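Below: the structure, in structure tokens.
Being a predicted model, the structure only gives us computed values, none of them experimental.
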Amino acid sequence: QVQLVESGGGLVQAGGSLRLSCAASGRTFSSYIMGWFRQAQGKEREFVAAARPGGMTYYADSVKGRFTISRDNAKNMVYLQKNNLKPEDTAVYYCAANTDWIRPNSGEYDYWGQGSQVTVSS
């Protein structure tokens, strides 16, 4: 069982920055694929970014060049640095983990955090 706890959400003005953190349990964190997803009110959950154990990263087109996913395997942490935020980035952001190989942008992760609200004001 893997437990995920997000932190770092909040209210920010458009153009600002915010960093989300996700703490993961488990002895083999370095072997997990880690992902970030978001769900805006009234919309379906969508893929944001993912990082494979080997370091390869993936991003949704809507956040490329603005968001950066990173992981610290020594601390069992994954981060999502978000720059140049836009009002359309407003959503609940979820951290996700999977211990087996999956497509990084699929919603097939086995473990999910509770979500962290990010609100971007215009």
Side-chain angles (χ1 to χ4, degrees):
Q1 189 77 7
V2 177
Q3 293 184 329
L4 304 171
V5 179
E6 299 104 334
S7 60
L11 175 65
V12 63
Q13 288 188 331
S17 298
L18 207 60
R19 188 178 81 158
L20 295 179
S21 301
C22 175
S25 65
R27 296 181 179 180
T28 58
F29 173 80
S30 61
S31 67
Y32 305 163
I33 178 171
M34 300 298 298
W36 285 98
F37 289 74
R38 67 186 181 186
Q39 187 167 20
Q41 194 169 8
K43 295 187 177 181
E44 292 187 354
R45 184 178 63 196
E46 64 175 1
F47 168 75
V48 175
R52 287 205 182 277
M56 188 169 290
T57 56
Y58 307 83
Y59 295 94
D61 288 343
S62 59
V63 307
K64 276 181 183 176
R66 299 189 299 123
F67 291 11
T68 301
I69 186 172
S70 62
R71 58 192 299 164
D72 185 337
N73 290 334
K75 296 181 178 179
N76 280 21
M77 297 289 294
V78 64
Y79 306 98
L80 185 68
Q81 177 66 42
K82 303 183 294 181
N83 298 328
N84 190 22
L85 282 160
K86 304 176 181 180
E88 51 264 42
D89 294 319
T90 295
V92 177
Y93 283 73
Y94 296 92
C95 175
N98 208 72
T99 57
D100 296 320
W101 190 94
I102 56 171
R103 284 185 302 114
N105 59 346
S106 74
E108 299 170 356
Y109 290 72
D110 287 336
Y111 305 101
W112 294 83
Q114 81 286 356
S116 182
Q117 176 70 47
V118 173
T119 303
V120 184
S121 63
S122 57

Problem - Evaluation steps, side-chain contact (heavy atoms from CB on, under 4.5 Å), between Thr90 and Gln117 - result: CA-CA 8 Å; Thr90 295; Gln117 176 70 47; 4.0 Å; yes
Practice task
Before giving the answer on ring-ring contact (aromatic ring centres under 6.0 Å, His included), spell out for Tyr111 and Tyr32 the whole-Å C-alpha distance, their side-chain angles and the decisive distance to 0.1 Å.
Solution key: CA-CA 10 Å; Tyr111 305 101; Tyr32 305 163; 7.5 Å; no
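- Between Val78 and Ser70 the shortest heavy-atom distance is CG2-O, 3.2 Å.
- Here the shortest heavy-atom pairing between Leu4 and Gln114 reads O-OE1, 3.6 Å.
- Distance alone, capped at 3.5 Å, places no donor-acceptor pair between the Asn105 side chain and the Ala60 backbone.
- For the pair Asp72 (side chain) and Met77 (backbone), a donor-acceptor distance under 3.5 Å is absent.
- Formation of a donor-acceptor pair under 3.5 Å by the Asn98 side chain with backbone atoms of Asp110 is found in this model.
- Here Arg71 contributes atom CZ and Thr57 contributes atom OG1; the two are 11.0 Å apart, rounded to the nearest 0.5 Å.
- The two residues Pro104 and Arg52 make their nearest non-hydrogen contact at CD-NH2, 3.2 Å.
- The aromatic ring centres of Phe47 and Tyr58 sit 6.0 Å or more apart.
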Exercise for the section: Check the pair Leu20 / Lys82 against side-chain contact (heavy atoms from CB on, under 4.5 Å), numbers first and verdict last. Expected result: CA-CA 8 Å; Leu20 295 179; Lys82 303 183 294 181; 3.7 Å; yes
Exercise for the section: Might you work through the side-chain contact (heavy atoms from CB on, under 4.5 Å) test for Trp112 and Cys95, ending with a clear yes or no? Expected result: CA-CA 6 Å; Trp112 294 83; Cys95 175; over 6 Å; no
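- Ring orientation note: the planes of Phe37 and Tyr109 are nearly perpendicular, at an angle over 60° on the 30°/60° scale.
- Within a 6.0 Å sphere centred on CD of Gln3, other residues, nucleotides and ligands contribute 12 heavy atoms or fewer.
- Of all non-hydrogen atoms in Ala51 and Ile69, the two that sit nearest each other are N-CD1, 3.7 Å.
- A single hydrophobic cluster is seen to contain both Tyr59 and Val120, as judged by linkage of ILVMFWY side chains at heavy-atom distances under 4.5 Å, directly or through other members.
- Taking CD from Glu108 and CG from Asp100, the interatomic distance works out to 11.5 Å, rounded to the nearest 0.5 Å.
- If you chain together hydrophobic residues whose side chains sit under 4.5 Å apart, Tyr79 and Leu85 never meet in one group.
- Transitive grouping of hydrophobic side chains (ILVMFWY, heavy atoms separated by less than 4.5 Å) keeps Tyr94 and Val48 in distinct clusters.
- Side chain of Ser30 to backbone of Asn73: no donor-acceptor contact under 3.5 angstrom is found.
- Using a 4.5 Å heavy-atom threshold, the side chains of Leu80 and Arg38 count as separate.
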Exercise for the section: Test side-chain contact (heavy atoms from CB on, under 4.5 Å) on Asp89 and Arg66 and set out the steps. Expected result: CA-CA 11 Å; Asp89 294 319; Arg66 299 189 299 123; 2.7 Å; yes
Problem - Working for salt bridge (Lys or Arg N to Asp or Glu O under 4.0 Å), residues Asp61 and Lys64 - result: CA-CA 5 Å; Asp61 288 343; Lys64 276 181 183 176; 3.3 Å; yes
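- Under a hydrophobic clustering in which Ile, Leu, Val, Met, Phe, Trp and Tyr are joined whenever their side-chain heavy atoms come within less than 4.5 Å, directly or via other members, Tyr93 and Val2 fall into the same cluster.
- Contact between Ser17 and Asn83 at its shortest, heavy atoms only, is OG-OD1, 2.9 Å.
- Residues Ser122 and Ala14 share a closest heavy-atom pair of CA-CB, 4.3 Å.
- Judged by distance alone, with hydrogens and angles left aside, the side-chain atoms of Gln13 form no donor-acceptor pair with the main-chain N or O of Ser121 at under 3.5 Å.
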